[in-house]
Protein chains: 2
Amino acid sequence: MTTAPATMRGPVQRAIEVCPVEVSIAVLGGAWKLSTVKYLLERTHRFGELQRRLGTVTPRTLTRVLRDLETDGIVVRTVYAEVPPRVEYSLTDLGRSLDQVVGWLNAWGDAYPSSAG
Amino acid sequence: MTTAPATMRGPVQRAIEVCPVEVSIAVLGGAWKLSTVKYLLERTHRFGELQRRLGTVTPRTLTRVLRDLETDGIVVRTVYAEVPPRVEYSLTDLGRSLDQVVGWLNAWGDAYPSSAG
DNA sequence: CAGTATCCTCCGCGATACTG
DNA sequence: CAGTATCGCGGAGGATACTG
């Protein structure tokens, strides 16, 4: 129904054997992934935009993050045949279905350190 | 207010510099962590119980997972001076505050593969 | 029962430099 | 602008064996 991954990444496959929450972590865990989704929930972004908003991510890492999210059916990559090159990243239906989840995790992470000293 | 970590693990510290969602991932990301929390939301568990319910986790890994969750203020470890030894793991207030999050992630992960082939 | 001790492998992620 | 190419390190997580 929603957008579906063509091939399944290893970590995701293995997670399915364990528990649904492990599937979520296999897809969304790892640095920069949820931050990227969070920005894409806001609006479509270009590669450089994402890089600047994320702050300290390297191009290589951001590329892999976006490729993973694309493989997992979260992100769609659109290339425009222009000069200079323009590539836009947006969310699939499945990606947009993360709206609530991202909201909760953002709120929980935001409240987290306040309980510490 | 809720239970607070005494010391802060490196990944969590670094995540704070980036985005609240990265904090959540720093605490909850990684294999077995959310599954463990999910079972502990159900009720208190002993070490061996958790190991059996998780299925294929090694003792070494489960120990580290539980120590991390303890350091991060999610889990409480209670040792009973008995023979044979008995150790029980339960959630802190902060850990219990993950109820909703775990529910969402479990539901999302459960629906995830159905959209694929 | 509830872990430790050792060892080892994979790969996530960063640093740096280069390109169509 | 939007990446790729190379290199390297640290740490997550498994395999196996042992212990208070």
Side-chain angles (χ1 to χ4, degrees), chain A residues 9-15 17-19 22 25-36 39-40 44-72 75-90, chain B residues 9-15 17-19 22 25-36 39-40 44-72 75-90:
Chain A
R9 290 188 306 118
V12 180
Q13 291 229 354
R14 271 170 263 125
E17 306 299 310
V18 178
C19 181
E22 297 293 325
I25 290 302
V27 173
L28 307 173
W32 310 114
K33 285 200 175 170
L34 268 183
S35 304
T36 299
Y39 290 134
L40 293 181
T44 294
H45 280 71
R46 299 179 61 171
F47 186 90
E49 277 181 319
L50 283 172
Q51 191 177 354
R52 261 175 277 112
R53 293 196 73 179
L54 290 170
T56 57
V57 71
T58 62
R60 162 166 171 63
T61 298
L62 181 54
T63 298
R64 193 181 35 71
V65 164
L66 287 167
R67 292 290 186 277
D68 280 359
L69 291 173
E70 197 185 355
T71 299
D72 293 344
V75 155
V76 142
R77 180 173 177 266
T78 309
V79 184
Y80 296 89
E82 302 176 357
V83 179
R86 180 162 61 104
V87 178
E88 292 195 339
Y89 293 91
S90 54
Chain B
R9 290 189 307 118
V12 180
Q13 291 230 355
R14 271 170 262 126
E17 306 299 310
V18 179
C19 180
E22 297 293 324
I25 291 302
V27 173
L28 307 173
W32 310 114
K33 285 199 175 170
L34 267 183
S35 304
T36 299
Y39 290 133
L40 293 181
T44 293
H45 280 70
R46 299 179 62 172
F47 186 91
E49 277 181 319
L50 283 172
Q51 191 178 355
R52 261 175 277 110
R53 294 196 72 179
L54 291 169
T56 56
V57 71
T58 61
R60 160 169 171 61
T61 298
L62 181 54
T63 298
R64 194 183 34 71
V65 164
L66 287 167
R67 293 290 185 277
D68 279 359
L69 290 174
E70 197 185 354
T71 300
D72 293 343
V75 155
V76 127
R77 180 172 178 267
T78 309
V79 184
Y80 297 89
E82 301 176 358
V83 178
R86 180 163 60 103
V87 178
E88 293 194 339
Y89 293 91
S90 54

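Only a predicted model underlies this, so the values are computations on that prediction, with no experimental measurement involved. Convention: sequence-line order gives letters A, B, ...; per-chain numbering from 1.
- The nearest whole Å value for the distance from the CD atom in A/Glu49 to the P atom in D/dG3 is 13 Å.
- Within 3.5 Å, no donor on the side chain of B/Arg60 pairs with an acceptor on the base of C/dG3, nor the reverse.
- Going from atom CG of A/Leu62 over to atom C1' of C/dA15 covers 16 Å, rounded to whole Å.
- Nucleic acid contact class of A/Tyr89 (heavy atoms, under 4.0 Å, all strands): sugar-phosphate only.
- Contact of B/Arg64 with D/dG13 (side chain to base): no donor-acceptor pair of N or O atoms is detected under 3.5 Å.
- Across all strands shown, B/Arg77 has heavy atoms under 4.0 Å from sugar-phosphate atoms exclusively, and none from any base.
- Between B/Val65 and B/Leu50 the shortest side-chain heavy-atom distance does not fall below 4.5 Å.
- Between B/Thr61 and D/dG14 there is a side-chain polar atom (N or O) within less than 4.0 angstrom of OP1 or OP2.
- The separation between A/Arg52 atom CZ and D/dG3 atom P is 13 Å, rounded to whole Å.
- A 4.5 Å side-chain heavy-atom check between A/Tyr89 and A/Leu69 finds every atom pair outside the cut-off.
- Nucleotide D/dG11 holds its C1' atom 12 Å from the CZ atom of B/Arg9, rounded to whole Å.
- For the side chain to side chain contact (heavy atoms under 4.5 Å, CB included) with B/Gln51, the qualifying choice from B/Thr63, B/Val57, B/Thr61, B/Thr56 is B/Val57, the only one to do so.
- Candidate nucleotides C/dT4, C/dA2, D/dG3 were compared by shortest atom distance to the side chain of A/Val87, and D/dG3 ranks first.
- Per the geometry, CZ belonging to B/Arg67 stands 16 Å off P belonging to D/dG13, to the nearest Å.
- Here the closest heavy-atom approach between residue B/Thr44 and residue B/Ser90 is recorded as OG1-CB, 3.5 Å.
- Distance from the side chain of A/Thr58 is smallest for C/dA15 among the nucleotides C/dA15, D/dG20, D/dA2.
- The base-pairing partner of C/dT19, taking Watson-Crick or G-U wobble contacts with both distances under 3.5 Å, is D/dA2.
- Both B/Asp68 and B/Thr56 sit near DNA chain D, but only B/Asp68 has its closest nucleotide nearer the 5' end.
- Protein atom OH of B/Tyr80 is 25 Å distant from nucleotide atom P of D/dG20, rounded to whole Å.
- Nucleic acid contact class of B/Arg14 (heavy atoms, under 4.0 Å, all strands): none.
- Rounded to a whole Å, the CD1 atom of A/Ile25 is 16 Å from the C1' atom of D/dG13.
- Of the candidate nucleotides C/dG14, D/dG13, C/dC1, C/dC1 has the atom lying nearest to any side-chain atom of B/Arg46.
- Between A/Gly30 and B/Leu66, the residue anchored closer to the 5' end of DNA chain C is B/Leu66, taking for each the nucleotide with the nearest heavy atom.
- Looking only at side-chain heavy atoms (C-beta outward), A/Glu22 and A/Glu17 stay at 4.5 Å or farther from each other.
- Following rounding to the nearest Å, B/Arg86 (CZ) and C/dA2 (C1') show an atom-to-atom distance of 13 Å.
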